[in-house]
Amino acid sequence: MRYDLVIFDNDGVLVDSEPISNRLLAGYLTELGHPTSYEDSLRDYMGSAMHRVHDLVEERTGRRLPEDFDDVFHGRVFAAFERELKPVAGAGEVLEKLAADGVPYCVASSGSHERIRVGHRTTGLDRWFDEGRIFSSQDVGRGKPAPDLFLYAAERMGVAPERCVVVEDSPLGVRAAVAAGMDVFGFSAMTPAEKLAGANGFFGDMGELLDLLG
């Protein structure tokens, strides 16, 4: 393989959570008096840490979201995950192949550690991720599109950035990977390839990823 570490985004790449979480985020923001469509949520918040939601709402309206916003939102999301969440088709097979071949991999997500664990447990992907392979924007000062999270994951895994490849499905995540000096492959199943500008390649089906990784 051309790379010493494969870094996966989580939401939308490993677990099919973006439709669920963005539907709920749009609904909750609208409920609070900040009209937001599902498409608005995908455009503005997909792939980002929660602080971006707070920052953009305050920047646009001059109003702060409630103190318990994150707790209420995550409660709704986790409940929906238990009912609806599925793994991204083919993700388990990719992880199984990487593990069998001894290729180092990890996940670096804008979501919280709790969100990652709930998603993995619900979908059965937890078997592929021990604690040492899970990194969250909670671990660093700035979330995507800053490169901090990917650089932190590479450092903890003991691999130089230029020997890493990131698998991402959001424009913010692609920007973060490029800023970290890493190659990045854009997963275009949900996000059109033209919105993932800067990626080194694109794929619309998980079955295509292993060929890209070489």
**Report entry** Aromatic plane relationship, Y105 with F129 - under 30° parallel, 30 to 60° tilted, over 60° perpendicular
**Finding:** perpendicular
Query raised in the report: Hey, any chance I7 and L149 share a hydrophobic cluster, counting ILVMFWY side chains that come within less than 4.5 Å of each other, even indirectly?
Result: yes
Query raised in the report: Taking 4.0 angstrom as the limit, do R76 and E82 come out as a salt bridge?
Result: no
Report task. Taking the side chain as every heavy atom from C-beta outward, state whether V94 and L210 have any pair of such atoms under 4.5 Å apart. Result -> yes
Query raised in the report: Checking side-chain contact (heavy atoms from CB on, under 4.5 Å) for the pair M206/F187: CA distance, chi angles, key distance, verdict?
Result: CA-CA 8 Å; M206 271 294 161; F187 184 37; 4.2 Å; yes
Query - Shared hydrophobic cluster, I134 / V166 (ILVMFWY, side-chain heavy atoms < 4.5 Å) - result: no
Query raised in the report: Yes or no on salt bridge (charged side-chain N to carboxylate O under 4.0 Å, His left out) for D126 and R121, after CA distance, side-chain angles and deciding distance?
Result: CA-CA 5 Å; D126 53 341; R121 185 179 67 248; over 6 Å; no
Report task. Check whether L209 and L5 end up in the same hydrophobic cluster, where Ile, Leu, Val, Met, Phe, Trp and Tyr are linked by side-chain heavy atoms less than 4.5 Å apart. Result -> no
**Report entry** Residue pair L213 / V6, side-chain heavy-atom distance below 4.5 Å
**Finding:** yes
Query - salt bridge (Lys or Arg N to Asp or Glu O under 4.0 Å) partners of residues 17-27, not counting sequence neighbours, each pair once - result: R23-E84
Query raised in the report: Does one hydrophobic cluster hold both V72 and V57, with members joined at side-chain heavy-atom distances below 4.5 Å?
Result: yes
Requested in this report: Look at the side chain of S170 and the backbone N and O of G173, then say whether any donor-acceptor pair between them is shorter than 3.5 Å.
Outcome: yes
Query raised in the report: Are F202 and F185 close enough that their ring centers fall under 6.0 Å?
Result: no
Query - Sidechain-backbone polar pair: R2 side chain, L212 backbone, donor-acceptor under 3.5 Å - result: yes
Requested in this report: Ignoring hydrogens and angles, tell me if any N or O in the side chain of N200 forms a donor-acceptor pair with the backbone of V184 under 3.5 Å.
Outcome: yes
Query raised in the report: Taking C-beta and beyond as the side chain, do F69 and L29 meet within less than 4.5 Å on heavy atoms?
Result: yes
Query raised in the report: Given the rule in the side-chain contact (heavy atoms from CB on, under 4.5 Å) test, do L196 and E168 qualify, once you have shown the distances and angles that lead to the verdict?
Result: CA-CA 9 Å; L196 301 174; E168 263 287 354; over 6 Å; no
Requested in this report: Would you tell me whether N22 and Y45 have side-chain atoms, one donor and one acceptor, within less than 3.5 Å of each other?
Outcome: no
Query raised in the report: Going by an N to O cut-off under 4.0 Å, is there a salt bridge joining D40 and R43?
Result: yes
Query raised in the report: Considering only heavy atoms from C-beta outward, does the side chain of L42 approach that of M190 to under 4.5 Å?
Result: yes
Query raised in the report: Is it true that F81 and M50 fall in one hydrophobic cluster, defined by side-chain heavy atoms closer than 4.5 Å?
Result: yes
Query raised in the report: Does D205 use its side chain to pair, donor to acceptor, with the backbone of G207 at less than 3.5 Å?
Result: yes
Query raised in the report: So, T191 and D169: side-chain donor and acceptor under 3.5 Å apart, yes or no?
Result: no
Query - Sidechain-backbone polar pair: S137 side chain, S110 backbone, donor-acceptor under 3.5 Å - result: yes
Requested in this report: Spell out, as yes or no, whether a donor-acceptor pair under 3.5 Å connects the side chain of Q138 to the backbone of H113.
Outcome: yes
Query - Derivation and outcome, side-chain contact (heavy atoms from CB on, under 4.5 Å), residues D55 and E59 - result: CA-CA 6 Å; D55 292 346; E59 178 184 312; 5.7 Å; no
Query raised in the report: About how many Å separate CG of L25 and CD1 of I20, when rounded to the nearest 0.5 Å?
Result: 13.5 Å
Query raised in the report: Does the cation-pi check pass for R115 over F78, that is, NZ or CZ under 6.0 Å from the six-membered ring centre and within 45° of its axis?
Result: no
Query raised in the report: Should the pair R156 and F135 be classed as cation-pi, given the thresholds of under 6.0 Å to the six-membered ring centre and 45° from the axis?
Result: no
Query raised in the report: Taking C-beta and beyond as the side chain, do V174 and K195 meet within less than 4.5 Å on heavy atoms?
Result: no
Query raised in the report: Do any N or O atoms from the side chain of H34 and from the backbone of T30 form a donor-acceptor pair under 3.5 angstrom?
Result: no
Query raised in the report: Heavy-atom distance under 4.5 Å between the side chains of N10 and H120, does that happen here?
Result: yes
Query raised in the report: Less than 4.0 Å between a side-chain N and a carboxylate O, is that true for E96 and R127?
Result: no
Report task. With side-chain contact (heavy atoms from CB on, under 4.5 Å) as the test, would you mind laying out the steps for F8 and L98 before giving the verdict? Result -> CA-CA 12 Å; F8 290 95; L98 294 178; 3.7 Å; yes
Report task. Enter the distance from D44:CG to T36:OG1 here, rounded to the nearest 0.5 Å. Result -> 8.0 Å
Requested in this report: Step through the shown structure and confirm whether more than 12 heavy atoms of other residues, nucleotides or ligands are within 6.0 Å of CD on E67.
Outcome: no
Report summary line: d(T123 OG1, L14 CG) to nearest 0.5 Å is 8.0 Å
Query raised in the report: Got L151 and V140 here, is their nearest side-chain heavy-atom distance under 4.5 Å?
Result: no
Query raised in the report: Tell me, do L32 and P66 make a side-chain contact under 4.5 Å, heavy atoms counted?
Result: yes
